[in-house]
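In what follows, a structure is listed as structure tokens, so that the remarks can point back to it.
Protein chains get the first letters and strands the later ones, always in sequence-line order, with residue 1 at the start of each.
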Number of protein chains: 2
Amino acid sequence: MPETIPVSTTEDALEPPTLARRAFDSIKSDIIDGELAQGTKIVESDLALKYGISRGPLREAIHRLEQIKLIVRIPHAGSRVVTLDARMMQDIYEAREALEGMAARLAARLMPDNEIASLSALLDQHEAAISETEGKAYFQREGDIDFHYRIAVASQNQWILENLNGELYQLIRMCRRQSGQIPSRAQTALSQHRQIAVAIAQRDEELAELLMRRHISGAWKIVRKILEDQHDSN
Amino acid sequence: MPETIPVSTTEDALEPPTLARRAFDSIKSDIIDGELAQGTKIVESDLALKYGISRGPLREAIHRLEQIKLIVRIPHAGSRVVTLDARMMQDIYEAREALEGMAARLAARLMPDNEIASLSALLDQHEAAISETEGKAYFQREGDIDFHYRIAVASQNQWILENLNGELYQLIRMCRRQSGQIPSRAQTALSQHRQIAVAIAQRDEELAELLMRRHISGAWKIVRKILEDQHDSN
DNA sequence: CAGGCATAAATTGTCAACAATAATGACCAA
DNA sequence: TTGGTCATTATTGTTGACAATTTATGCCTG
């Protein structure tokens with residue numbers, strides 16, 4: 001039986017649960033899940049009351065959220081939940097393309113054989129999940145992040161891993177939520193993942209990077225199309 | 001007469017000089033310039049006393065320094081100035097190669113003609129400065145960052161610009177300081193810059209990215225060589 | 001009635017004291 | 001002497017009050 005342990009995307013869960021840390025996690029979830037709508041004004045005293053903590057730790061949480069670009073802050077004027085416009089989304093996808101392309105290249109160079117096997121097994125799971133649930137694209141989305149996460153880990157580059165996992169993936173989730181339902185891309189995404197896995201298994205750095213970049217820029221083109229259609233209907 | 005206005009690398013100098021902001025800038029300079037040695041233990045009360053402010057704003061400054069990876073912090077245990085080892089340097093150069101490669105590609109697509117002309121003029125200045133000062137490599141280093149900064153701006157990608165300018169370039173400076181004197185690379189760097197500028201002027205995205213990546217990975221190879229020699233002599 | 005200035009309210013920035021946690025060192029026992 | 005345990009100390013985490021700044025409100029003037 002192949003390994004079937006899903007890799008959690010929330011890495012640092014073992015940190016001491018300081019108040020600031022907990023507030024950070026809570027607010028982050030609220031923003032990503034859309035409970036705190038984009039553009040919402042953040043008032044420190046209100047949130048502190050809501051979470052039952054003082055303004056000190058809450059401020060620290062806000063600063064951390066600002067650093068991962070979920071909140072924009074203007075000195076003396078307050079902070080708001082970020083509003084993702086098309087411009088910012090493009091920036092994010094471009095950066096992701098560059099970093100994940102590099103990650104794929106490094107993975108092809110460094111990923112241990114057993115992890116490559118495990119990666120392949122993960123894709124088998126995905127295939128099974130797709131044919132079972134048919135249209136359940138949501139499942140595929142989580143799996144999608146799982147696949148990309150594994151490659152980021154395999155790159156053995158801490159900087160790239162932290163920036164992808166700690167910042168870009170969160171924003172990507174918000175992009176997806178915002179652009180509504182993305183048409184059944186599960187099949188094509190899976191086959192692209194397979195090609196990338198093969199390239200890594202063959203230790204073909206060049207190809208792995210190329211395929212990963214095409215995969216991501218393709219995803220962006222689809223999202224952009226949706227955004228344009230939304231905009232046209234206004 | 002061509003434009004000779006040097007572009008400052010410290011962008012957001014117009015922010016209200018809040019205490020936290022000032023402390024952040026001061027400590028950042030101290031770390032980059034080596035006044036606060038790598039690995040130094042950071043004690044909040046001491047630093048607060050040193051800068052004549054309270055612990056509140058100082059904590060904010062420390063958190064921001066942690067986010068740009070100049071400080072590492074362990075909850076309840078305190079924080080230290082980062083110690084750059086070979087592993088981390090490699091991570092940084094790999095990330096930089098990916099991001100600046102993408103930036104060069106985007107610059108080739110988007111940079112306005114007059115800015116391209118200005119970029120070329122900047123390289124003329126550098127050439128003059130090199131032949132004048134001969135061995136003054138330091139001058140060239142600042143110019144080097146200036147060149148790369150302009151391309152990051154020309155990419156029109158805010159995420160890439162902020163990460164390069166706000167984080168990676170600072171760390172690169174520390175790398176350079178640590179690896180001591182780098183042998184007269186001014187000439188070869190300049191000629192590589194010229195090639196990149198030409199590729200951008202010809203709107204050759206592919207070539208611009210390729211040359212930029214070679215340029216950076218070449219720089220890393222030299223730095224790594226120096227580090228290995230330092231290590232061997234122990 | 002419109003526009004600008006002054007005042008008032010709301011919100012963020014800063015501070016000093018208190019509580020909780022981890023590092024230090026002394027003491028005791030094997 | 002060494003190893004472990006406990007008290008002490010130093011340092012970080014948290015809090016509520018105060019100061020500075022911005023935004024909102026309403027009045028006055030043209």
| request: Please name all residues satisfying side chain to side chain contact (heavy atoms under 4.5 Å, CB included) with Lys221(A), sequence neighbours left out, ordered by chain then number. | output: Ser217(A), Arg224(A)
| said: Whole angstroms only, please: what is the NE2-C1' distance between His63(B) and dT14(D)? | reply: 12 Å
| said: Under the rule for ring-ring contact (aromatic ring centres under 6.0 Å, His included), what residues qualify as partners of Trp220(A), not counting sequence neighbours? | reply: Tyr93(A)
| query | So do His193(B) and Asp144(B) actually touch side chain to side chain, heavy atoms under 4.5 Å? | reply | yes
| Closest to the Ala77(A) side chain, choosing from dG13(C), dT23(D), dG13(D) | dT23(D)
| Atom-pair distance (CG on Leu49(B); P on dA16(C)), nearest Å | 11 Å
| said: My understanding is that only residues two or more places apart in sequence, or in another chain, count here; which of them pass side-chain hydrogen bond (donor to acceptor under 3.5 Å, both in side chains) with Asp91(B)? | reply: Arg87(B)
| said: Suppose we screen for side-chain hydrogen bond (donor to acceptor under 3.5 Å, both in side chains). Which residues come up paired with Glu97(A), at least two apart in sequence or across chains? | reply: Arg213(A)
| field | Close residues, residues 50-59 of chain B, relative to DNA chain D [heavy-atom separation under 4.0 Å] | value | Arg55(B), Arg59(B)
Which donor-acceptor pairs under 3.5 Å do side chains of residues 45-58 of chain B form with protein atoms, sequence neighbours excluded?
from	atom 1	to	atom 2	distance (Å)
Tyr51(B)	OH	Asp30(B)	OD2	3.0
Arg55(B)	NE	Glu44(B)	OE1	3.0
Arg55(B)	NH2	Glu44(B)	OE1	3.0

| task | Measure from the side-chain heavy atoms of Thr18(A) and tell me the nearest of dT21(D), dT14(C), dT14(D). | result | dT14(D)
| task | Using side chain to side chain contact (heavy atoms under 4.5 Å, CB included) as the criterion, list what pairs up with Ala208(B), not counting sequence neighbours. | result | Ala104(B), Ala108(B), Ala199(B), Ile200(B)
| request: Would you jot down, in residue-number order, the residues of residues 36-47 of chain B having a non-hydrogen atom under 4.0 Å from DNA chain D? | output: Ile42(B), Val43(B), Glu44(B)
| message | I need the CD1-P distance between Ile74(A) and dT23(D), as an integer number of Å. | response | 9 Å
| Distance test, side-chain N/O of Arg73(A) to OP1/OP2 of dG13(C), below 4.0 Å | yes
| field | Rounded interatomic separation in angstrom, taking CD from Glu60(A) and C1' from dG13(C) | value | 16 Å
| field | Counterpart residues, side-chain hydrogen bond (donor to acceptor under 3.5 Å, both in side chains), relative to Glu35(A) (two or more places apart) | value | none
